[in-house]
Amino acid sequence: MHFLSLVGRRLAAAIPALLIILAGLFLLLQLAPGDTVDALVAQVGGADATMIEELRRHYQLDQSTTTRLGDYLWRLVHLDLGESAIYGKPVADVIIERLPATLLLMGSALALSFAFGMVLGVIAARRVNKWQDTLISTLGLVFYATPSFWFGLMGIFVFAVYLSWLPAGGFGTIGAGLEGWALVLDIAWHLVLPTLTLALIFLAVYLRIMRASMLEVSTLDFVRTARAKGLSENAVVVRHVLRNAMLPMVTLVGLQAGTMLGGSVVVESVFALPGLGRLAYESVMQRDLNTLLGVVFVSAILVIVINFVVDLIYSRLDPRINTGH
């Protein structure tokens, strides 16, 4: 009952926010110059007035903005995301095809940045004001200040072009016909550079948060009591400091879920990955409103789910926090 109550409260808060986001984006895109028909006509080099009128009628662009918004929200209630003007098939099918690449990229980048950020943050806190702390903090600042697309381009130049160690882009070897573990390893090999590119900026944030949190928790009374009992420094860190210092890290994962999705737009474009980020970029360029709204809808759901999982993990790490009230 506790879990169902938590799910119900999260849905009650998330659904209105989701509808407001989609309606706001829909209205905002009406202010942008051009529409789907303009983009299609530009691709084919022009069309006569009759054809343009027929296309506008087909895509319901001849209706008022209020009517089209109401129609879209009504279809959304029935989980109908509409048709994609770019691919000529349901938006849901297009998103299902693109979703695995984005989930793999986000999951691997999140796991890498969280794990290494935690380890480096602990090392920096244990060696505070020493050369290890200075080196790690400096690297974190460099990673955070450098744009992700620059990391991606330099990674392609060094590891793909110059050294020929890693593929320059794509989600797999085209035409290889791989299956089973060979296919899994091939996809993983193609995701090495994109994952590192997306993870470096978030790694810098996590290591600085972990370092600051470790230093703060280390000064609390229960840690001094543990040391007074004669526990070794490693035991104090693992049993008492680390668990409490991880709380801000876990919170940050939920807060940065949307930021990581935004970062995947750049990374997927640089490495030509067939994910939601690149699909969103293509939708903007083609003025494909249905596809873009579908991507935003799925992305918002992903962020909501991630934050829900983070709430559950947080309540497990800190029993004082009861998510049921």
Is the side chain of Asp288 donor-acceptor paired with the backbone N or O of Ser84 at a distance under 3.5 Å, no angle test? no
Value rounded to 0.5 Å, distance of CE in Met118 from CE in Met214: 10.0 Å
List for me each residue that meets side chain to side chain contact (heavy atoms under 4.5 Å, CB included) alongside Tyr144, sequence neighbours excluded, and say none if there are none. Ile201, Ala204, Val205
Write out all pairs satisfying side-chain hydrogen bond (donor to acceptor under 3.5 Å, both in side chains) with one or both partners inside residues 195-204, taking only residues at least two apart or from two chains. Ser108-Thr195
Counting C-beta onward and ignoring hydrogens, is there a side-chain heavy-atom pair between Val303 and Ser299 closer than 4.5 Å? no
Examine distances only and state if a side-chain atom of Asp133 and a backbone atom of Asn129 form a donor-acceptor pair shorter than 3.5 Å. yes
For Ala300 and Leu18, which heavy atoms make the closest approach, and how far apart are they? CB-CD1, 3.2 Å
So CH2 of Trp131 and CD1 of Ile136: to nearest 0.5 Å the spacing works out to 8.5 Å
State, yes or no, whether a side-chain contact exists between Phe171 and Leu191 at a heavy-atom distance under 4.5 Å. yes
Would you say the side-chain atoms of Ser113 pair up with the backbone N or O of Ala199, donor to acceptor, closer than 3.5 Å? no
Distance col, row Leu22:CG vs Leu292:CG, nearest 0.5 angstrom, shows 10.0 Å
Pairwise side-chain hydrogen bond (donor to acceptor under 3.5 Å, both in side chains) hits with a residue in residues 91-102, at least two apart: Tyr87-Arg98, Lys89-Glu97, Arg98-Glu282, Thr102-Glu268
When you look at Asn290 and Arg75, which way does the side-chain contact (heavy atoms from CB on, under 4.5 Å) test go after all the steps? CA-CA 11 Å; Asn290 280 344; Arg75 287 189 286 108; 4.0 Å; yes
Please tell me whether Trp74 and Leu81 are part of a single hydrophobic cluster in this structure, the criterion being side-chain heavy atoms less than 4.5 Å apart. no
Which residues pass the side-chain hydrogen bond (donor to acceptor under 3.5 Å, both in side chains) test with Thr67, not counting sequence neighbours? Ser64
Is it true that Phe202 and Met154 fall in one hydrophobic cluster, defined by side-chain heavy atoms closer than 4.5 Å? yes
For Val295 versus Ala280, what's the shortest heavy-atom pair and its separation? CG1-CB, 3.9 Å
Using the rule given for side-chain contact (heavy atoms from CB on, under 4.5 Å), can you reason through Glu83 versus Val91, listing the C-alpha separation, both sets of side-chain angles and the distance that settles it, and then say yes or no? CA-CA 5 Å; Glu83 294 285 323; Val91 172; 5.8 Å; no
From CA spacing to verdict: side-chain contact (heavy atoms from CB on, under 4.5 Å), Ile156, Phe271: CA-CA 8 Å; Ile156 292 174; Phe271 291 97; 3.5 Å; yes
A side-chain contact here means heavy atoms from C-beta on lying under 4.5 Å apart; do Gln132 and Arg126 qualify? no
What residues, two or more places apart in sequence or in another chain, satisfy side chain to side chain contact (heavy atoms under 4.5 Å, CB included) together with Leu166? Phe159, Trp189, Val192, Leu193
Residues two or more places apart in sequence or in another chain: which of them pass side-chain hydrogen bond (donor to acceptor under 3.5 Å, both in side chains) with Arg208? none
Is there side-chain contact between Leu203 and Leu120, with heavy atoms separated by less than 4.5 Å? yes
Of all heavy-atom pairs linking Gly121 and Met210, the shortest is CA-CB, 4.0 Å
Heavy-atom side-chain contact between Tyr206 and Leu110 under 4.5 Å: yes
Would you give the length of the straight line joining atom CG of Leu99 to atom CE of Met106, rounded to the nearest 0.5 angstrom? 10.0 Å
Consider only side-chain heavy atoms of I, L, V, M, F, W and Y, link residues closer than 4.5 Å, and tell whether Phe297 and Val305 are in one cluster. yes
Can you get from Tyr162 to Trp150 by hopping between Ile, Leu, Val, Met, Phe, Trp and Tyr side chains that sit under 4.5 Å apart? yes
Do Leu273 and Pro194 make a side-chain contact, defined as non-hydrogen atoms from C-beta onward lying under 4.5 Å apart? yes
Give the cluster check for Val265 versus Leu200: same hydrophobic cluster or not, with ILVMFWY residues linked at side-chain heavy-atom distances below 4.5 Å. no
Which value, rounded to the nearest 0.5 Å, describes the distance between Thr291 atom OG1 and Leu276 atom CG? 11.0 Å
side-chain contact (heavy atoms from CB on, under 4.5 Å) assessment of Asp186 paired with His190: CA-CA 6 Å; Asp186 184 60; His190 281 77; 3.3 Å; yes
Side chains of Arg211 and Val128: closer than 4.5 Å at any heavy-atom pair? yes
For the CZ atom of Phe143 and the CG atom of Leu141, what is their distance to the nearest 0.5 Å? 11.0 Å
Side chains of Phe116 and Val119 in contact at under 4.5 Å (non-hydrogen atoms): no
